[in-house]
Structure formats: C-alpha cells, structure tokens
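Heads up, the thing below is written out as structure tokens.
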Protein chains: 2
Amino acid sequence: MRMHNPPHPGEIIKTLCLEPLGLTVTQAAAALGVSRKTLSAILNGRAGVSPEMAVRLSIAFGTSSESWLNQQTQYDLWHAERRRKQLRVAKLAPA
Amino acid sequence: MRMHNPPHPGEIIKTLCLEPLGLTVTQAAAALGVSRKTLSAILNGRAGVSPEMAVRLSIAFGTSSESWLNQQTQYDLWHAERRRKQLRVAKLAPA
DNA sequence: GACGAGTGTAACCTAGAACGTTACGGGTCA
DNA sequence: TGACCCGTAACGTTCTAGGTTACACTCGTC
C-alpha cells in the first residue's frame with residue numbers, strides 16, 4: 001500500500017518528456033495526434049491517460065505503453081482506496 | 001509484449017472466486033454492493049473492472065485491489081496495442 | 001406439468017471521461 | 001504593439017459504469 005499521493009501521470013509527462021526536449025504543448029499535441037486541449041488537460045491533471053494515449057506516448061517517447069498506463073492505474077487506485085471505508089461490501093473469503 | 005489475448009478479468013472472477021465458493025451471481029452481487037446486472041456484465045466481458053470495483057473485490061475476496069486493476073489494465077492495453085499501427089504519431093525521442 | 005431460483009439481457013435512466021473544434025484572455029518577449 | 005504559447009470555457013459526440021425494471025430462458029424440485 002502506497003503511503004503518499006502518487007503524482008498524476010501528466011506531471012511526469014511534462015517533466016520527463018516535454019521539458020527535456022524543449023517541446024511546447026502545441027508541438028507535442030501535434031506529434032501525438034491529439035488536440036492541444038486534450039494534452040493540456042492531461043498535463044494539468046484534469047484528464048487521465050487512456051490506453052490509446054498510453055500507446056501514443058510509447059510511440060512518441062520510446063517507452064513502454066505498459067509503464068504509462070500503470071502510472072495512471074496507480075493514480076486511480078490510490079484515489080479509489082481512499083474511499084474503501086465508505087464501500088459497503090461483505091467479506092466472502094477472509095484472508 | 002504479450003503474445004496472446006489476455007483473459008478478461010471477469011473470467012478470472014468467475015473461475016477463481018465464485019465457483020470455488022459456490023456463489024451465485026446474485027449472491028456475489030449483493031455481497032459486493034452492486035446490482036446483479038453490473039456483476040453479470042463484468043463476468044461476461046461486457047464491462048471492465050473499475051478502480052472502485054477493484055477495491056470491492058479486494059474487500060470481498062481478500063486479494064489486493066492492485067492485482068485486480070492490473071488485470072484490467074493488461075486487458076485494455078492488449079486491445080489498444082492492436083491498433084498501434086493505425087495511430088498517426090510522430091516519434092519525438094527514438095529509443 | 002407447474003413452480004421457483006438463477007441467469008442473461010433488453011430498455012430505459014444518470015453521471016462522467018475522452019475526444020473534437022472554436023474562441024477568448026493572460027502571459028512573455030522581441 | 002504583435003506574435004506566440006498557454007489555460008480554459010463552451011459547445012458537441014461517443015463510450016463506459018452504474019442504476020432500476022422487466023422479460024424470457026434453463027434448470028432443478030415438487
């Protein structure tokens with residue numbers, strides 16, 4: 001179980017991909033084949049990395065699509081876990 | 001890169017959780033706190049495992065929510081990768 | 001054969017995410 | 001001032017997750 005808030009994948013894209021290459025949001029969006037708005041939303045944490053976007057990132061930046069999507073999964077899961085106590089679920093097979 | 005079609009998480013829930021415990025879909029849905037329709041859709045591959053559902057499964061069956069959601073991620077990614085060739089994306093940082 | 005349980009699923013709803021285009025206002029800098 | 005980049009608001013479409021209700025099917029069992 002992770003203790004701290006995992007960073008949104010958008011931050012990682014910005015700091016590890018765009019900034020080192022000196023890319024603007026407009027340039028990167030064009031390269032990825034999505035609108036500037038779509039990329040902007042991801043970079044600012046207002047949208048998630050979809051499976052298709054993960055593949056796009058892997059093509060553009062040469063990393064694995066799995067790693068991109070896993071980052072999003074961890075981020076989503078961390079927020080879902082915060083509401084674990086609010087879920088009314090019966091234990092069927094106690095550990 | 002996975003070669004073969006990964007199984008949908010619904011199949012795993014059915015064969016590894018419901019059947020060993022002799023649970024009906026109706027019983028399991030009630031325990032999970034979702035409608036019978038919702039669980040049925042997941043079991044038959046017509047819906048995915050959401051982050052919240054992954055937490056529900058982890059409570060009911062004592063496994064980690066991460067493992068449930070990762071299975072869904074791998075499934076989604078496999079299908080997204082099949083369309084990799086159709087995406088028009090420029091390579092920005094060739095490996 | 002009749003009946004109830006379990007199941008799949010169709011029809012309807014809401015909410016939200018992921019896309020798109022267009023357009024506007026605020027920076028920064030030559 | 002003008003050019004460029006950025007965030008974002010407003011509008012749209014499409015898809016997914018979730019709900020309720022209702023129907024038809026397949027089983028056992030009585």
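Sequence lines set the chain letters: A, B, ... in the order given, protein chains first and strands last, and positions in each chain run from 1.
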- [ ] Specify the separation, in whole Å, of atom NE2 of A/His79 and atom P of C/dA17.
- [x] 12 Å

Task: Rounded distance (Å) that lies between atom C1' of C/dA18 and atom CG of A/Leu43 - done: 15 Å

Open item on the list: Please report the distance, rounded to the nearest Å, between CG in B/Leu18 and P in C/dG6.
Closed with: 14 Å

Open item on the list: At less than 4.0 Å, is any side-chain N or O atom of A/Ser35 found next to OP1 or OP2 of C/dG20? Yes or no.
Closed with: yes

Task: Nucleotide of C/dA18, D/dG7, C/dC19 approaching A/Ile42 most closely (side-chain heavy atoms) - done: C/dC19

TODO: Measure from NE2 on A/His8 to C1' on C/dA17 and round the result to the nearest Å.
DONE: 12 Å

TODO: Return yes when atom CZ of A/Arg46 has more than 12 non-hydrogen atoms of other residues, nucleotides or ligands closer than 6.0 Å, and no otherwise.
DONE: yes

Open item on the list: Is it the case that the side chains of B/Trp68 and B/Ser58 hold a donor-acceptor pair, with the cut-off being a distance below 3.5 Å and no angle test?
Closed with: no

Task: Whole-Å distance separating the CG atom of A/Leu39 from the C1' atom of C/dC19 - done: 13 Å

- [ ] Report yes or no: do A/Gln72 and A/Asp76 form a side-chain donor-acceptor pair below 3.5 Å?
- [x] yes

TODO: May I ask you to say whether A/Arg84 pairs ionically with A/Glu81, meaning some side-chain N is under 4.0 Å from a carboxylate O?
DONE: yes

- [ ] Looking at every strand, decide which applies to B/Thr24 at a 4.0 Å heavy-atom threshold: base, sugar-phosphate, or nothing.
- [x] sugar-phosphate

- [ ] Would you classify B/Ser50 as touching base, sugar-phosphate or nothing, given that sugar-phosphate means primed atoms plus P, OP1 and OP2, and contacts are heavy atoms under 4.0 Å?
- [x] sugar-phosphate

Task: Length of the CG-C1' vector between B/Asn44 and D/dC25, whole Å - done: 15 Å

TODO: Indicate, yes or no, whether a donor-acceptor pair under 3.5 Å links the base of C/dG8 to the side chain of B/Lys37.
DONE: no

Open item on the list: In whole Å, I'd like the distance from the CG atom of B/Leu69 to the C1' atom of D/dT16.
Closed with: 15 Å

Open item on the list: On a heavy-atom basis, which atom in A/Arg56 and which in A/Leu32 lie closest, and how many Å separate them?
Closed with: NH1-O, 2.8 Å

TODO: Whole angstrom is fine here: how far is it from CD in A/Glu52 over to C1' in C/dA17?
DONE: 14 Å

Task: Short side-chain N/O contact from A/Ser40 to OP1 or OP2 of D/dG7, under 4.0 Å - done: yes

Task: Distance-only donor-acceptor test, B/Arg36 side-chain atoms vs C/dG6 base atoms, 3.5 Å - done: no

Open item on the list: Under 4.0 Å, heavy atoms only, any strand: does A/Thr26 hit a base, just the sugar-phosphate, or nothing?
Closed with: sugar-phosphate

